[in-house]
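Here is the structure we will look at, set down as C-alpha cells.
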Amino acid sequence: MKLVLKFFLLAVFLTLASDAGSQNFREEYEADIRKKEWPKTDFSNAVVSLDEIDHGGTPKDGIPAIDFPKFVPASLVKNISPREPVITVEIDGIARAYPFRVLMQHEIVNDYIKGRPITVTFCPLCNSAMVFSGQVGSKTLTFGVTGWLRNSDLVMYDRQTESWWQQFTGRAIFGEMAGETLKRLPARIESFEKFKKRNPFGDVLFPENPGLRDYGTTPYVGYDSLPYPYFRAGPLPDNIPAMARVVSVGKQAWALSLVRQKGKIETTDGLVITWEEGQNSALDSRIISGGRDIGNVLVQQITATGLVLIPYSVDFAFAFHAFNPESKIIIE
C-alpha cells in the first residue's frame, strides 16, 4: 500500500506541476534527474518529445531487472497457486513460465533459450506482458528499468547503449538506437495450471532470493477497478472504460468482455481468439492468488498447417488507445 500511495501522491504532484505556473519547475526537476542518471543517453536523438515522458518515482534500476534467472521444474513448484497468471514461451522444445508474482517485483527478465537472447517484460500500470528478442541487427541487448513512463507505460533501457525503449511498442524512443524496433515473440498469458498441464517438466522462474521481496503480492491493490490510471495516458478511448481489459494483436483490439461473452472469435484475417475461465487478476487483491477470475485468453493464426500461436497481449484499454489512437476497440 505504501507504493500505491507513493504513486498516487506523485501522480497528483505531476498533475499540479503541469499547470502553467509549475511547468518550469517540473521541467527543471526532470531535466536534473536525466542529467544525473543518464549522461550517456543522447536525448536529442529522439522519435518522441520529452514532454511526453513522466518520472515514475523510482530511480534508474530502482526496480531491478533479473539478469541471471533461475528455474525449477513445474512439477516441483509448490508456492504458486493453479490460477495465478504466468507468461510462457516455447522455443526449440524448451518451455518456460515467468510468473506475474515475480514479474510484479522486477518487470524485466533477461534470458537465453538455446542461445537465443529474449527479454520478458511486464508493465503493471498497463497490464501489458510482452516478450521480445534481444537481438537487434548485430547487437545483443539486455534491458533494465529506467524509472520513467510514457502513457503510463514502462520505459526500458538497453545496457549496451543506454537508449530508451517503449515496452508497449518495443520501439527505441531516445538515444543511439532511436527508431529501432524489437521483434516480438509469441507468448501465452495463462494460468500456471494450464502451463503445468501442458509442460509438467517445463521451467518456472524462481526468485534468486525468495525472502528479499514480497513475492506473490501486488502493491497495486484494486488498480484494475479504478476509473483511470495513476499517471497520465493521453486521450482516453471513447467507447470503453479506460481500465477495461482488451485483447490486442498489433493495431487491432477486442474488449475482453466481448471475448469472454462469445468464448471464441474468428476474424476475417484468420485470427482465432478464445477465452476460458481460470486465471486470477494480478492487480486486484493484495495476494495475487486471491484476485478475481479474468480468464485465459489465447490468440492463434489459421495457417495451411494448422493453428499457430502469434504475439498478443491483454492490456488496459487506455494503453492500447494511447499507442494506437487511430484504431477503434471492438466492443460488440
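- A salt bridge does not link E193 to R198: none of the charged nitrogens lies less than 4.0 Å from a carboxylate oxygen.
- By the 30° and 60° cut-offs, the orientation of the rings of F174 relative to W164 is perpendicular.
- Between P227 and M243, every side-chain heavy-atom pair lies at or beyond the 4.5 Å cut-off.
- The existence of a salt bridge linking D54 and R150 is excluded, since no basic side-chain nitrogen approaches an acidic carboxylate oxygen closer than 4.0 Å.
- One hydrophobic cluster, built from ILVMFWY side chains closer than 4.5 Å, holds both F132 and W165.
- Cluster annotation: I302 and V247 are assigned to distinct hydrophobic clusters (Ile/Leu/Val/Met/Phe/Trp/Tyr, side-chain heavy-atom contacts under 4.5 Å, transitive).
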### Query
Does the ring-ring contact (aromatic ring centres under 6.0 Å, His included) test come out yes or no for Y157 and W148, once each step is laid out?
CA-CA 10 Å; Y157 77 97; W148 294 70; over 10 Å; no
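- In this structure a side-chain-to-backbone donor-acceptor pair under 3.5 Å is present from N239 to I329.
- For CD of E208, the number of neighbouring non-hydrogen atoms (other residues, nucleotides, ligands) closer than 6.0 Å is 12 at most.
- With respect to the salt-bridge test (charged N to carboxylate O, under 4.0 angstrom), the residues K114 and D92 do not qualify.
- The side-chain heavy atoms of R188 and L309, taken from C-beta on, include a pair separated by under 4.5 Å.
- Listed by chain and residue number, Q135, K183, L185 satisfy the side chain to side chain contact (heavy atoms under 4.5 Å, CB included) test with S133 (two or more places apart in sequence, or in another chain).
- Between the side chains of E190 and T88, at least one donor N or O lies within less than 3.5 Å of an accepting N or O.
- Residues Q300 and I310 fail the side-chain proximity criterion, which asks for heavy atoms closer than 4.5 Å.
- For the ring pair (Phe, Tyr, Trp, His ring centres under 6.0 Å) test with F316, the passing option among Y230, Y228, Y223 is Y223; the others fail.
- Judged purely by atom type and a 3.5 angstrom limit, N45 uses its side chain to pair as donor or acceptor with the backbone of G175.
- Checked for salt-bridge contact, D158 and K139 miss the test: no charged N lies under 4.0 Å from a carboxylate O.
- Contact between R159 and G144 at its shortest, heavy atoms only, is NH2-CA, 4.0 Å.
- Remark: D214 engages R286 in a salt bridge, criterion side-chain N to carboxylate O under 4.0 Å.
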Side-chain atoms of residues 270-277: list all donor-acceptor pairs with protein atoms under 3.5 Å, sequence neighbours left out, distances to 0.1 Å.
{"unit_1": "W275", "atom_1": "NE1", "unit_2": "I294", "atom_2": "O", "d": "2.9"}
{"unit_1": "E276", "atom_1": "OE2", "unit_2": "K194", "atom_2": "NZ", "d": "3.3"}

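- Under a 4.0 Å N-O distance rule, the pair K328/D238 qualifies as a salt bridge.
- For the residue pair R292 / S285, no side-chain donor-acceptor distance below 3.5 Å is found, with atom types taken as modelled.
- Between the side chains of Q252 and D269, a donor-acceptor pair is found at a separation under 3.5 Å.
- With hydrogens and angles disregarded, no donor-acceptor distance shorter than 3.5 Å links the side chain of D32 to the backbone of E28.
- Once rounded to the nearest 0.5 Å, the distance linking CE of M130 with CG of L182 reads 11.5 Å.
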### Message
Under the criterion salt bridge (charged side-chain N to carboxylate O under 4.0 Å, His left out), I'd like the reasoning laid out for K60 against E162: C-alpha separation, chi angles, the key distance, then a yes or no.
### Response
CA-CA 11 Å; K60 177 183 182 182; E162 297 217 349; 3.0 Å; yes
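- The hydrophobic cluster containing I87 also contains I113, counting ILVMFWY residues as joined when their side-chain heavy atoms lie under 4.5 angstrom apart, directly or transitively.
- Using the six-membered ring where Trp is involved, Y215 and H106 have ring planes that are parallel, under 30° apart on the 30 and 60° scheme.
- Linking ILVMFWY residues whenever their side-chain heavy atoms come closer than 4.5 Å, directly or via other members, leaves F195 and V109 in distinct clusters.
- Contact annotation: the side chain of L50 approaches that of F43 to within less than 4.5 Å [non-hydrogen atoms, C-beta and beyond].
- When only modelled atom types and interatomic distance are considered, N151 and E52 share no side-chain donor-acceptor pair under 3.5 Å.
- Side-chain polar atoms of S128 and D315 form no donor-acceptor pair below 3.5 angstrom.
- Ring-plane geometry between F323 and F168 is classed as parallel, the angle between the planes falling under 30 degrees on a 0 to 90 degree scale with a further cut at 60.
- Listed for the D42 side chain is a donor-acceptor partner under 3.5 Å among the backbone atoms of S44.
- Cluster annotation: V204 is not connected to F71 through the hydrophobic network of ILVMFWY side chains, with a link wherever side-chain heavy atoms come within less than 4.5 Å.
- Between the side chains of Q160 and T142, at least one donor N or O lies within less than 3.5 Å of an accepting N or O.
- No side-chain donor from either of E84 and S191 sits under 3.5 Å from a side-chain acceptor of the other.
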